[in-house]
Every structure is written in C-alpha cells, then in structure tokens.
Amino acid sequence: MPIASGHFIAGKQVPSCNSQTFASHNPCTGGIVGYAARGDALDAEAGVSAASSAFKAWSGLPPSERERVLLRAADRIEQSAIDLIDLLIDESGSTQSKARFEVNYTASLLRTAAGEARRLYGDTFPNDKPQRISLVIREPLGVVVAITPFNAPLVLLAKMTAFPLAAGNTVVAKPSEETPLIAVRFAELLSAAGMPDGVFNVITGYGRECGEALTQHPKVQGIALTGSTSTGRRIGAIAAAGMKRVQLELGGDNPLLVLADADPKKSADIAAVGAFYHAGQICMASSRIIVERAIAHEFAEALTAKAASLHLGDLRDQRTAYGPLINSQALARVDSYVRDALANGAELLSGGQAATGLTYKPTVLWRGKHISRPSCGEVFGPVATVYPVDDLEAALALANDSEHGLSAGVLTNDLVRGLTAARRIRCGAVHLGMHSFQSDTLAPIGGFGLSGIGRSGGKYSVAHFTELKWISVELGETPNPF
Ligand code: NAD
C-alpha cells in the first residue's frame with residue numbers, strides 16, 4: 001500500500017496548497033513507494049512563515065532544553081530503526097547495511113549536535129580604550145533552509161539541519177524529489193521527541209518549483225545545500241543576491257593514491273569500497289585511482305578480480321554489495337561516461353554495462369595512455385578508473401588536475417610520503433591508509449574549488465549558522481570630540 005505523505009509544517013502533515021502530489025519510486029522494483037505533496041511557492045511561504053514564527057521561542061530556550069530535544073530525537077531514530085531501514089531500502093535503493101549505517105549515523109549526528117547547543121562560545125578582547133569592555137557573542141541567524149540530495153537522504157538531512165537547530169535557528173528542509181518520504185518521517189520523529197511546532201518543517205517537491213522559492217524568501221537568512229555543482233552555482237547566485245549565509249557541499253572527483261610500497265591486493269579491496277559503495281553514488285567516492293607504476297598492473301588485476309566477485313542482487317541480502325542507480329537518467333549518464341572514456345583511450349577491464357534494471361556492473365577502466373584532460377568530472381556511478389604514474393610527483397599533479405577538491409585517500413606505509421601527499425593534495429580532506437569516503441560527526445566536511453563553500457559538522461556548522469555580535473560597555477567617562 002503506497003504511503004501518502006504531506007508537507008510537514010508547524011508540527012503536522014498538510015497537503016500542498018494546490019493539492020498536487022508526485023510519486024516516489026522504488027529504484028529497484030520501479031514500483032511506487034508513496035505519494036508526496038508537490039510544493040510550490042505558496043507552500044514555501046507557509047513553511048518559512050511557520051519557521052519564522054517559531055524562531056523567537058526556540059532561540060530563547062536554555063541550551064539544555066535544545067540539547068534535551070535533540071538527544072530524545074536521537075533515541076527516537078534508534079527506536080524506529082526497523083521502519084527507517086525499510087524505507088531507506090525501498091525509497092533510495094540502499095542496501096540493508098548502508099541503511100543501517102544511515103540510521104546509526106543520524107542518531108550520532110543528533111547527539112553531537114545536542115552537545116554543540118551548550119558550546120555557543122563567544123569571546124572578549126583587550127581594548128585600546130581602557131574604560132571599555134568588549135564582548136563578542138554568537139546569535140543564531142534565524143530561518144535556515146536546508147536542501148538535500150537523494151544519495152544519503154537521512155544522514156544528509158540530519159547533517160544539514162541538526163547543527164543549525166542546536167544553535168537556535170529554525171529550519172525548513174527541502175529533500176530530493178527522489179526521496180521525499182524519508183524526510184517527512186524524520187520530521188515526525190523530531191516532533192515526537194518534543195521539537196516545538198514550526199521549528200523543523202519539510203516542504204517536498206522539485207527544486208525549481210519550491211526549492212528556489214525557499215532560497216529566495218526574504219525571511220530566510222541561511223541556506224545549506226548538499227547537491228551537485230550545477231545546483232550549487234544556481235543557489236550560490238541566489239544567496240549572493242539576497243546576502244544570505246550559504247553553505248554549499250557539492251560534487252567530487254576524488255583521487256585515491258596507491259603508492260609503490262602498498263600491498264596491491266589489500267589496496268584493491270580498500271579501493272573497491274571507495275569506488276563502488278552505494279553504486280558510487282557518494283560525493284566522496286574514490287573514482288580516480290592513481291597508482292605508482294611499480295605495482296599498477298598487479299593492483300589493477302586485483303581490483304578487476306574484486307569487481308567481478310561483487311554480489312549484486314536483493315538489497316536485504318547481507319552479501320549484496322550495492323543496489324541500483326537512482327533512476328534511468330542516472331543509468332544513461334554513467335553508461336555514457338564509460339563510452340566516452342573508452343572512445344578516448346581508456347581500456348575496459350571489467351563491467352561497462354548494466355547488470356539488471358537500474359543496476360550498473362562494477363566497472364574498472366585503465367587509463368594507460370597520456371590524455372590531456374584526465375579528470376572528466378564526477379561520475380556518480382560504480383566506475384573506478386586506474387591511472388598508472390611514474391612517481392609521487394606525477395601522482396600529485398594528476399590528483400590536483402581537477403576543478404573539484406572534496407576528498408582524497410592515500411595508501412602507503414611510508415608516513416613521510418603520505419604526509420607529503422596529504423599536504424599537497426588540494427582537497428577538503430585527505431585520508432591516509434583509507435579510501436576517500438570517510439565521515440565523522442565532528443569533522444569539517446566540505447571542499448576546495450567546485451566542491452563547494454564552507455564546512456559542516458560539529459563546531460564548524462555552528463560557526464557557519466551563527467552571527468557574531470560585538471557588544472561594548474563604557475565603564476567611565478569618555479571625552480567627546482566636539
Ligand atoms: P541535485 O543538485 O540534483 O539536487 C540536490 C537538491 O537540490 C535536491 O533537493 C533538488 O531538488 C534541489 N534543487 C535542484 N535545483 C534546485 C534549484 N534551482 N533551487 C533549489 N533547489 C534545487 O543533486 P542530487 O542528484 O540529488 O545529488 C547528487 C549530488 O550531490 C552529487 O553531485 C553529489 O556529489 C552531491 N553530494 C555532495 C555531498 C557533499 O557532502 N559534498 C554529499 C552528497 C551528495
């Protein structure tokens with residue numbers, strides 16, 4: 001029986017003002033998981049108005065009260081794990097283990113954010129005027145709009161909203177049109193945990209129809225987007241025009257360096273997770289694997305064997321490595337990426353075609369020949385390209401030959417070479433001894449270049465979604481200049 005879901009505004013589900021709905025599909029079966037409200041500018045107005053009305057009371061609560069609500073929300077998430085996991089599998093094509101990871105990590109994000117509610121530290125500084133005392137305090141911005149993608153729909157919704165909420169902001173979230181139902185479920189759990197009405201709202205629908213209206217709304221002071229670079233450009237321009245604080249977490253084109261001293265087989269196992277987890281639909285996926293020539297062939301053979309051994313099938317089967325791409329356009333895009341690479345000198349070592357339905361085979365490409373433009377942008381599919389290189393200098397030059405700069409990994413046992421690489425790779429994160437897909441609730445997540453602006457996570461999100469205010473106090477008489 002398909003779920004019928006509304007927007008979540010001021011503590012309850014409501015239909016769209018225009019009564020329109022749209023279907024949320026199961027990418028594995030093609031069936032309809034449910035129908036969500038299809039928002040437009042009027043619904044955006046209602047969401048922002050609810051958030052704006054709730055701001056004074058929420059921001060005025062003692063931090064311990066905001067902490068309490070977020071901690072209870074984490075408990076609710078864990079208590080609802082079975083339902084949430086089912087919905088994540090059905091609506092987003094997650095495997096059981098990826099869905100479980102999302103639920104656990106969401107609870108962890110909420111608990112980390114709860115702690116941040118007590119840490120809105122300010123500052124003081126010495127004044128040249130001896131009779132003056134200066135204080136610097138932090139205040140929430142007001143209404144923050146959070147726009148999120150389909151690939152980790154629960155975790156990214158929590159990551160973009162829990163920290164702004166902890167800091168005293170109120171939120172209107174706009175989830176991906178591919179995954180609206182999980183977002184409304186999240187809002188209901190927050191509400192059941194005691195989140196006051198209007199503090200957390202969800203408007204479902206399409207970016208152009210309701211997302212833009214939200215970002216353009218004059219009562220919105222902050223925008224948090226996790227999405228593609230092209231959406232980031234559009235929202236960044238809207239934010240600039242409205243002088244709104246904006247955080248953009250965008251696409252990646254991430255390098256994994258495998259240095260000559262690394263074990264080729266173990267490295268291939270790590271690289272396979274980095275490249276193929278959730279069918280490569282991870283912003284930090286290790287899609288460019290740059291290997292020192294001494295072990296490049298052995299590494300590529302091991303990665304090819306690993307790719308061929310991956311089990312694709314029932315998402316609830318523990319053996320299944322990954323599931324489908326989100327929709328048929330994504331499948332066509334990934335396939336055309338592979339065709340383009342093959343037409344431009346790459347060699348196919350494994351995969352290179354759909355398996356069944358929207359599932360694409362784990363694909364390994366070998367880029368042995370010189371190519372003038374090695375980085376072809378984000379693939380967002382289960383495709384790993386292996387680039388043999390002569391030495392560390394060549395590896396670093398290739399790693400940095402990208403307009404993106406989200407995350408990187410370096411596999412080596414040589415700490416000096418590893419740290420040298422970490423210092424020189426232009427990415428928001430570099431992980432030694434691991435692939436590029438890593439997360440931590442306290443880490444500053446974000447990228448260089450086209451991978452975005454700002455950092456999210458822990459105190460970094462709180463800093464981003466608060467304003468600093470200087471308050472000065474004159475303790476004595478100050479002579480007037482006239
Ligand atoms: P997308 O950019 O198509 O959509 C993201 C969200 O933006 C959706 O909710 C969509 O409806 C909304 N949107 C689109 N156009 C809009 C507009 N004009 N105004 C307002 N909202 C608009 O991205 P996607 O396909 O859902 O997700 C995949 C992308 O997200 C990839 O590029 C991936 O790298 C990126 N991503 C980045 C991170 C990170 O942390 N850097 C994490 C996950 C995903």
Side-chain angles (χ1 to χ4, degrees), residues 22 24 27 36 38-41 44 91-93 102 105 109 145-160 172-180 182-183 202-217 220 223-239 242 244 246-254 277-285 287 325-327 329-330 333-334 377-381 402-407 427-429 436-440 443-457 460-461:
F22 66 105
S24 173
R38 182 167 176 167
D40 63 14
E91 195 178 34
S92 72
E102 282 215 48
Y105 197 71
L109 279 163
V145 161
I147 299 193
T148 53
F150 70 83
N151 61 327
L154 187 59
V155 156
L156 294 170
L157 183 61
K159 184 154 84 84
M160 294 281 107
V172 185
K174 208 299 281 171
S176 166
E177 50 275 27
E178 300 288 354
T179 51
I182 192 79
V202 175
I203 304 295
T204 52
Y206 293 84
R208 291 274 174 172
E209 294 178 8
C210 62
E212 283 205 16
L214 284 171
T215 55
Q216 285 164 338
H217 198 292
V220 168
I223 303 170
L225 165 74
T226 304
S228 60
T229 295
S230 64
T231 303
R233 282 187 205 278
R234 174 89 190 146
I235 289 180
I238 291 171
K244 298 173 199 287
V246 67
Q247 183 173 70
L248 302 175
E249 301 217 351
L250 310 177
D253 175 24
N254 311 293
Y277 191 82
H278 196 41
Q281 297 172 113
I282 298 287
C283 54
M284 301 174 192
S287 49
L325 295 165
I326 193 67
N327 53 34
Q329 294 94 301
R333 195 200 61 244
V334 170
E378 187 177 43
V379 50
F380 226 56
S402 170
E403 293 175 302
H404 291 89
L406 189 58
S407 194
C427 281
S436 52
F437 163 40
Q438 306 298 322
S439 230
D440 192 292
I445 305 288
F448 288 29
L450 295 189
S451 292
I453 295 174
R455 298 291 182 271
S456 72
Y460 307 101
S461 286

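Bear in mind that the values here come from a model prediction, so they are computed numbers and not experimental data. Remember, it's 1-based here, ligands and their atoms both numbered in the order they're listed. Keep in mind that the numbers below use all heavy atoms, side chains included, and drop hydrogens, waters and symmetry copies.
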For ligand 1, which atoms have a heavy atom of G251 less than 4.0 angstrom away?
32 (O), 34 (O)
Option passing side-chain contact (heavy atoms from CB on, under 4.5 Å) with T215 (candidates L225, V246, I147):
I147
Test item: I203 and V172 side chains (from C-beta on) under 4.5 Å apart, heavy atoms
yes
Return yes or no for this condition: an N or O of E177 is under 3.5 Å from an N or O of ligand 1.
yes
Regarding atom 29 (C) of ligand 1: of the candidates G446, S228, G211, A173, which has the closest heavy atom?
S228
So, does K174 use its side chain to make a donor-acceptor pair with the main chain of C210 at under 3.5 Å?
no
Do D253 and E403 touch side chain to side chain, with heavy atoms closer than 4.5 Å?
no
What residue and atom, counting heavy atoms only, is the protein's closest point to atom 32 (O) of ligand 1, and at what distance?
E378 OE1, 2.7 Å
Would you say the side-chain atoms of Q247 and S456 include a donor-acceptor pair closer than 3.5 Å?
no
Using a 4.0 Å heavy-atom cut-off, say whether S451 meets ligand 1 through its side chain, its backbone, both or neither.
neither
With only distance considered, is E212 within less than 3.5 Å of ligand 1 through an N or O on each side?
yes
Contact atoms of ligand 1, heavy-atom distance to N151 under 4.0 Å:
43 (C), 44 (C)
Do any nitrogen or oxygen atoms of R234 lie less than 3.5 angstrom from nitrogen or oxygen atoms of ligand 1?
no
Take I223 and L214 through the test side chain to side chain contact (heavy atoms under 4.5 Å, CB included) and record every step on the way to the result.
CA-CA 9 Å; I223 303 170; L214 284 171; over 6 Å; no
Please write down residue, atom name and distance for the protein heavy atom closest to atom 41 (N) of ligand 1.
L250 O, 2.7 Å
Do F22 and P180 have side chains that get closer than 4.5 Å, going by heavy atoms?
yes
Number the atoms of ligand 1 from 1 as they appear, then name those within less than 4.0 Å of a heavy atom of S176, with their elements.
8 (C), 9 (O)
In the protein, what heavy atom is nearest to atom 14 (C) of ligand 1, and what distance, to one decimal place, separates them?
T231 CG2, 3.5 Å
I want to know if ligand 1 touches Y206 in the polar sense, i.e. an N/O pair below 3.5 angstrom.
no
Residue, atom and distance of the protein heavy atom nearest atom 7 (O) of ligand 1 read I147 CG2, 3.2 Å
Give the residue, atom name and distance (to 0.1 Å) of the protein heavy atom nearest atom 39 (C) of ligand 1.
C283 SG, 3.3 Å
Which protein non-hydrogen atom lies closest to atom 35 (C) of ligand 1, naming both residue and atom, and how far is it?
G227 O, 3.2 Å
Near K174 (heavy-atom distance under 4.0 Å), the atoms of ligand 1 are 8 (C), 9 (O), 10 (C), 11 (O)
Within a distance under 4.0 Å of any heavy atom of F380, pick out the atoms of ligand 1 and give their elements.
28 (C), 31 (C), 33 (C), 34 (O)
Any atoms of ligand 1 less than 4.0 Å from a non-hydrogen atom of P175? List them with their elements.
9 (O)
Between the main-chain N or O of M284 and the side-chain N or O of S436, is there a donor-acceptor pair closer than 3.5 Å?
yes
Taking it one step at a time, do S92 and N151 satisfy side chain to side chain contact (heavy atoms under 4.5 Å, CB included)?
CA-CA 7 Å; S92 72; N151 61 327; over 6 Å; no
In chain order, what residues pass the side-chain contact (heavy atoms from CB on, under 4.5 Å) check against A152, with sequence neighbours excluded?
K98, E102, V155, L156
The protein heavy atom nearest to atom 40 (O) of ligand 1 is E249 OE1, 3.1 Å
Is there a side-chain contact between C427 and S407 in this structure, where contact means two heavy atoms from C-beta onward sitting under 4.5 Å apart?
no
Within the structure provided, determine whether T148 and S176 are in side-chain contact (heavy-atom separation under 4.5 Å).
no
Ligand-residue contact atoms, ligand 1 with L156, heavy atoms, under 4.0 Å:
42 (C), 43 (C)
Side chain, backbone, both or neither: which part of T229 comes within less than 4.0 Å of ligand 1 when only heavy atoms are counted?
neither
for atom 25 (O) of ligand 1, nearest protein heavy atom and its distance come out as F150 CE2, 3.3 Å
Is T148 near ligand 1, meaning one of its heavy atoms is under 4.0 Å from it?
yes
Touching ligand 1 at all, G452? Heavy atoms, strictly under 4.0 Å?
no
Region of I282 that comes within reach of ligand 1 [heavy atoms, distance under 4.0 Å]
neither
Donor-acceptor check, side chain of S451 to backbone of G251, threshold 3.5 angstrom: yes or no?
yes
Atom indices of ligand 1, in the order listed, that fall short of 4.0 Å to a heavy atom of L406
41 (N)
Does the side chain of T229 reach to within under 4.5 Å of the side chain of E378, using non-hydrogen atoms?
no
Which pair of non-hydrogen atoms, one from A279 and one from L325, has the smallest distance, and what is that distance?
O-CD2, 3.9 Å
